[in-house]
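All remarks here apply to the structure that follows.
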4 protein chains.
Amino acid sequence: MSQAEPLRVGVVGLGAMGAEHVLALSEHVPGAQVVAVHDVDAHRAGEVAASVGARVAGSAEGLVADADVDAVVVASPDRTHAPLTLACLATGKPVLCEKPLGVSVAETAQVVAAEEAAGRRLVTVGFMRRFDPGYLELREAVLGGRVGEPVLVHCVHRNASPHPDATTEGVVGNSMVHELDILPWLTGLPVTGIEVRSPRSEGLREPQLAVVELGRVLATVEVSLSVRYGYDVRCEVVGTEGAVSLRPPARLDVARDGRAGVVVAADFRERFAEAYRAELAAWVAAAGRGGATGASAEDGHRATVVAAAGIESLSSGRRVAVPPG
Amino acid sequence: MSQAEPLRVGVVGLGAMGAEHVLALSEHVPGAQVVAVHDVDAHRAGEVAASVGARVAGSAEGLVADADVDAVVVASPDRTHAPLTLACLATGKPVLCEKPLGVSVAETAQVVAAEEAAGRRLVTVGFMRRFDPGYLELREAVLGGRVGEPVLVHCVHRNASPHPDATTEGVVGNSMVHELDILPWLTGLPVTGIEVRSPRSEGLREPQLAVVELGRVLATVEVSLSVRYGYDVRCEVVGTEGAVSLRPPARLDVARDGRAGVVVAADFRERFAEAYRAELAAWVAAAGRGGATGASAEDGHRATVVAAAGIESLSSGRRVAVPPG
Amino acid sequence: MSQAEPLRVGVVGLGAMGAEHVLALSEHVPGAQVVAVHDVDAHRAGEVAASVGARVAGSAEGLVADADVDAVVVASPDRTHAPLTLACLATGKPVLCEKPLGVSVAETAQVVAAEEAAGRRLVTVGFMRRFDPGYLELREAVLGGRVGEPVLVHCVHRNASPHPDATTEGVVGNSMVHELDILPWLTGLPVTGIEVRSPRSEGLREPQLAVVELGRVLATVEVSLSVRYGYDVRCEVVGTEGAVSLRPPARLDVARDGRAGVVVAADFRERFAEAYRAELAAWVAAAGRGGATGASAEDGHRATVVAAAGIESLSSGRRVAVPPG
Amino acid sequence: MSQAEPLRVGVVGLGAMGAEHVLALSEHVPGAQVVAVHDVDAHRAGEVAASVGARVAGSAEGLVADADVDAVVVASPDRTHAPLTLACLATGKPVLCEKPLGVSVAETAQVVAAEEAAGRRLVTVGFMRRFDPGYLELREAVLGGRVGEPVLVHCVHRNASPHPDATTEGVVGNSMVHELDILPWLTGLPVTGIEVRSPRSEGLREPQLAVVELGRVLATVEVSLSVRYGYDVRCEVVGTEGAVSLRPPARLDVARDGRAGVVVAADFRERFAEAYRAELAAWVAAAGRGGATGASAEDGHRATVVAAAGIESLSSGRRVAVPPG
C-alpha cells in the first residue's frame, strides 16, 4: 500500500480523548500528519505540539481556517462540537467530530442542513464502536441472517466510576448515546420509541435502564457509571434462529489468587483502542479523498434526537415516541 | 443417614411434569414411596401406577382423602391447583403444588387464608429454581454481600419453541412467574411495580420484556418462547461492588463440526433435573415432619399478584404498581 | 424411594478424609448409619463418634470384626489400607478402601487374590472421580463416540500447595494415581507404558509430567503440587472427529476488583464434594446388597502397578513398559 | 504517521501464502508497493501481477537481482528458502523468508554465517506468531512475572485435515517448528532436549506429542493434522504463582442449533490473519530502514536444529539432547 502526500490534520481539544487522537495519528495511522493543535490550556497545547512536531494554533477558529490544515479533528468540550463542525463545513474541510455532534437537537439539525447545503459528506461523527472488530463481526452476523430476523437486543455499558462532572442527562447524552447510535446500525432499523428509568430518583441518577423500540425489535440498555470492577460493554442480539453476542475482548485467561478468568478493561480508551485507531485510519483515508466515513451528520443528529427523547422519558417517567427520521 | 418409615405420597396429574415427579420420587428421593396416583386419563394412570407399584385412585379428591396417603403432589392442570391444595389443607396433609398456586389472585388468597386457618405451613409451591445449585449459590453470593448492595438484575428465560397451548397471558403466568418468584428470593426485596411489553402486538405476544421494580432494585426479564436453539435461563445481579451471574450449567466443552462450546439444554426438565430432585427430597423430608419447605403459599400468592399486574401492564401498555405484600 | 434397614457402617481413620466421610454418611447419604469409628487419636475418635452418635472402637481390627458393623470404610494411613481390606475380606464384609489400595504391587495383588478366593466382589477402591458428574458425562461422550475414536488425552491435576508429608514417589502414588485409574476408565484401554519426568531433579520433584500409553492412545498428565492459585483438575479427550473436555465446575461468574471469571476450588474436598457423596451413596446401596461398586480391587491393583512403573521411570529417566493386565 | 517513498517489494512464490502476502502488502500494509512477483507457474504469476500492478520476473534470481526491488519476500517451496535468502544477502537486500529458513541444519547455518559476514541483520524469518496480539500479551505476562517463574508450558496445534503432501518429518519441520520457535521466545530460555512420539507407528505419523526441555522449564506440544473440527492453537504457561493462557480468539458467541460457543477458525490463514499483517507491516518498516525484525536467521537456524533433533527422536524413540546455541 503506497502513500501519496500525507493528510495535514489539525486537532482541537487536547483532553484525554484529543491527546490520544494526536498520538494515534502520529504513531499508528498511515498517511496523516498532525500539523496544528489547539487547546484552551496553552501550556498543554505547547507540550502536545512539541511531542509531534506540530504548531500551536491561537484559536480553534484559526486552526479550522488555516490553509495548511486539510482536515480537522474536534475533541473539545461538547458545546463546541456543533459550532466547530459548522466552521469546518464553511471552509469545505473534512471533520471528525467527537460524539455528541451537538448539545441540542436544534444544533445537530443545523449541522445536517449545513452539510446538505455543502453538497457532499464532510462530517464524520466519532462513534468509534462502528470500527470495533467485535461490533463489526456482530453486525455482519446479524445483517447476514446468522440468527434469523433480529427480535431483541440486550446492551450493557458499565463504567468503573463516574467522571466528576457526570450529570443525569449526560448519562443519556454522553454514555447511552453510543448504544442509541449502535442499535440502528446493528439492526438496520430506526428507533421509534424509548423509555428510560433509574433506580435512583435523586442526585446522579444512575444506573439507567432503557427500553428502546426499533420497529419490531425491542432493546434493553443498561448504563452504569459505578460498577467498580472495570469498564464492561456487552451486546447480544436474539433472533428468530438463535442468538449472537460479543465475547469479552480479553486475549488471556489468568489463574491467580484463587480466581481464574480475564482482566477487565479499565476504561473506554483501553477497551476501544483498536476501534479508535481504525476509525482514525478510515477517516484519514476518506478525508484524503475529500470525504467522510463512519457515522454521518444525519446519524449524529438522529442519536441526539433519541437521546433527547430518553432524557424526557427519564424526567417524565413515561415512554416517549420518536418520529422515524 | 438412616430412615424411618417412608412417606406415602400420592401424585395427582401424570403429564410430563407429574410423571417425572413419580419417577424421581421412586428412584432418586430417599424416604418416599409413591402409593397412589391419579390422572384423568385412566389408561395412563394405570401404566404409571404399574411402573412403581402404586394403586390408581378413582378421583383426585379420593386420593387426597385416602387415609393411606400421607402427602400429596399436585401436578394436574393449573385450574385444579388451588382446589386440590385447599382439599389437602382441609385434611391437614402436606402438599407440593406445582406452580402457579392458582389461576387468579382470589384463588391464591383463599389458599393463604386456609393455611393460616390451619395454623401451620402445609403448602409448598413448586418453584424448583429455589433448589437449583446455581441459583442457591447466586443467592448466597448476593445476600452475603459478595457484590455489595444489589442494584440491577438481568434475567433471561428462553424456550426453544412454544407449547401448542401457549397463550399471551400464560407467558407471564406460567413462564415469567418463575422470575417473579426468584427476584424477591434473590434480593430479599418485594416487587413494587412491573411493566411488560412485547415486540408483537397480536397473536401469541412473545417474546416479552419486563422491567420489574423491587424498591431500590430494577430488574429486566426476557421471556422468549421460540429461540429455536434450546432452553436457556440466565441471571445476573449487578451490585455496588461488582456483578455475579449464573454460568451455563454444562459440564463439557465440545469441539466438533467447526464449532466449540456447550450443548444447550433441550428443555426445563433437562436444565432443572437436579433442582426438581432436590426440591422433592427437601419436600419429602419436610412433609415427613408434617411441614413444608421452599416457596410458601404466601410466596405463591405473591407471584400470582405480580403476574396479574404484569398481564394488566402488557394489555394497558403502562407500568402497574404492586402494593408491597 | 423407600428404605429397608439402614446399613451399619464402621469408619477407620478420622483424618480430613475419614471425618468428611462420616459427615457425608450421616447427613447426605440415605440408608446408612455410622455405628462405629476408630482412630489412633482416641480423643479425636471420641469427638467424631459423639457428633453422630456412634461408638468408639478400641482397634481397627476390632471394628472390622464387630458383628454390629455391616460394612467398613478404610480411611486410615496408606500402609494400613491393604491389611484392613484383607481383614474385611476375611469377615466377608463390604469395604470402601480409600486409594491407594496398597503401598506395593505385592500388597494389592494379595488383595485381588483374597477377593477372588472369597468368590464375590466386596472391595470398592475410593477413586471418587468415577462418580463425578463431569467425568461421568465425559466418559459417556467418549465411549459413545461423540468425538470419534479417542487418540489423545490431556490431564491436568494441580494443587495449591504440597502437603507437608509429600514425597516425590507420593506425587505418582497418591496424586497421579487418580489419572492412572481414570485414563483406562475413560478410554476402555489398558495402560501399556509410562514415562514420568520432572523439571526438578532434587528435593520434592514436582511438577511431574507423564506421557502415558494406552495402546493406540497417548495421554499427557501434569501433576503440580504448588500452583498457588487453587485446586484445578482438567481433562480433554481428542478423537478422530473432535475434542471434548471438562469445563471448570464453577456455577457462578464473578466480576470484582478488575477481574471477571470463576472462583477456583481450594482443594480436592471442595472440588469433588459431589463425587464423594455419590460414591458413598452408591457404595452404601451396593454394600446393602452385599456387594461393591466403582473401582474394583483389580482396578486398584492395576493403578498401583502403573504407578510403580511411573516411579521407576521417574528414577531411571526412561519409558517403562507395563504388561497389560 | 506520514510516509516517505514506499518500499518496493518483490515476492517469490505465489502459492496460498505468497498470494496472501501480495494481497496484504497491497491493501493493508502502509509504505509498501509490490513491484515484482515470480512463480514457477507463469500464468498464475501473470494474474497476481495484474491484480496489483506489478511486473512478472522471469526468474526468482532475476527478481532478487532487480535494482528496482528494494526488499524480497520468499514464499516459494521450502527447498528454495535458503538459496534465495543467500541471494538476497549477497545483494544486501532485506528478506522476509517464510519458515522454515532451510531444509537442513547445514543450510540454515550457512545463512547465519552469510548474514554475519554481511555485517548487519537483513533476514527475517516468517514466524508470524511473534506478531499475534495474543502471543504478544502472553509473552509480556510471562516475562513480566505475572505468574511468577515459568515452570511448564502446554502447547496445542491442531489442523482440520492434513495437506496432501504432508509427511511425518514435515509435522515436526513445518508445523511443530512454530512451537519450537515460540517456546524460547516466550520463556527466554533455549531448548536443551526434545522427545517426540506418535500413537501411530506407520504411514503419516500424526498426531505427534513432544516433550520439550528448556532448562528448568518443561513443555508439552501436541501437533495434530486431522482433528476435523478446525484449526486450533493453544498455549498455557504455568508458573510459580499461577497460570496464563491464550483465549480462543473468536469475537462472537453464537447460540444456534442446540449449541452455544464460538466458531473455530478454518485454517492458519484465518487464525493468524492479524499476525501476518502485523508481521508484514513491521518488516516493511524495518526493511525501509535497511534492517530486519521478528525472528532472526539465528532464530530460524535454532528452530531447524531443534526440529532435526525432534525428527531424530521420533525415529529413535529416545530423548535427544540439544546443545544450547
Side-chain angles (χ1 to χ4, degrees), chain B residues 1-9 24-35 52-53 132-138 140-142 146-148 234-239 241-263 274 280-281 284-285, chain C residues 1-9 24-35 52-53 132-138 140-142 146-148 234-239 241-263 274 280-281 284-285:
Chain B
M1 197 163 75
S2 61
Q3 261 69 34
E5 286 299 293
L7 183 79
R8 296 169 302 173
V9 178
L25 285 166
S26 301
E27 298 194 355
H28 300 293
V29 175
Q33 192 169 357
V34 178
V35 297
V52 297
D132 176 67
Y135 271 107
L136 282 164
E137 276 195 29
L138 181 59
E140 191 186 334
V142 171
R146 185 100 185 84
V147 292
R234 307 180 195 171
C235 187
E236 181 187 34
V237 179
V238 187
E241 304 284 332
V244 58
S245 56
L246 294 179
R247 282 168 64 83
R251 293 195 170 93
L252 301 182
D253 266 314
V254 180
R256 266 201 72 129
D257 312 311
R259 300 176 65 185
V262 301
V263 174
E274 209 171 335
L280 285 167
V284 164
Chain C
M1 196 163 75
S2 61
Q3 261 69 35
E5 285 300 290
L7 184 79
R8 295 170 302 173
V9 178
L25 285 166
S26 300
E27 297 194 356
H28 300 293
V29 174
Q33 190 169 0
V34 178
V35 296
V52 296
D132 177 67
Y135 272 107
L136 283 164
E137 276 194 29
L138 181 60
E140 191 186 334
V142 171
R146 185 99 184 84
V147 291
R234 307 181 195 170
C235 188
E236 181 186 33
V237 179
V238 188
E241 303 285 332
V244 58
S245 56
L246 295 179
R247 282 168 64 83
R251 292 195 170 93
L252 301 182
D253 265 314
V254 180
R256 266 201 71 129
D257 312 312
R259 300 175 64 186
V262 301
V263 173
E274 210 170 334
L280 285 167
V284 164

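Below, read A as the first sequence line, B as the second, and so on, with proteins coming before strands; counting in each chain starts at 1.
Contacts between C:E274 and chain B at a heavy-atom distance below 4.5 Å involve the side chain alone, from C-beta outward. With a 4.5 angstrom heavy-atom cutoff, C:A260 does not touch chain B via any of its atoms. Heavy atoms closer than 4.5 Å to chain B are found nowhere in C:V52, neither backbone nor side chain. When heavy atoms are compared at a cutoff of 4.5 Å, B:V262 approaches chain C solely by way of its side chain, counted from C-beta outward.
Taking the side-chain contact (heavy atoms from CB on, under 4.5 Å) definition, one finds that C:R8 meets it with C:V35, C:D68, C:D70, sequence neighbours left out. Evaluation of the side chain to side chain donor-acceptor pair (under 3.5 Å) rule for C:E241 yields D:R228 as partners, not counting sequence neighbours. Applying the side-chain contact (heavy atoms from CB on, under 4.5 Å) criterion to B:E137, with sequence neighbours excluded, gives C:R251, C:L252.
In this structure a side-chain-to-backbone donor-acceptor pair under 3.5 Å is missing from C:R146 to B:R256.
Among C:V254, C:V284, C:D257, the residue making the largest number of heavy-atom pairs under 4.5 Å with chain B is C:V254.
Residues of residues 242-249 of chain C that come within less than 4.5 angstrom of chain B, heavy atom to heavy atom, are C:G242, C:A243, C:V244, C:S245, C:L246, C:R247, C:P248 in numerical order.
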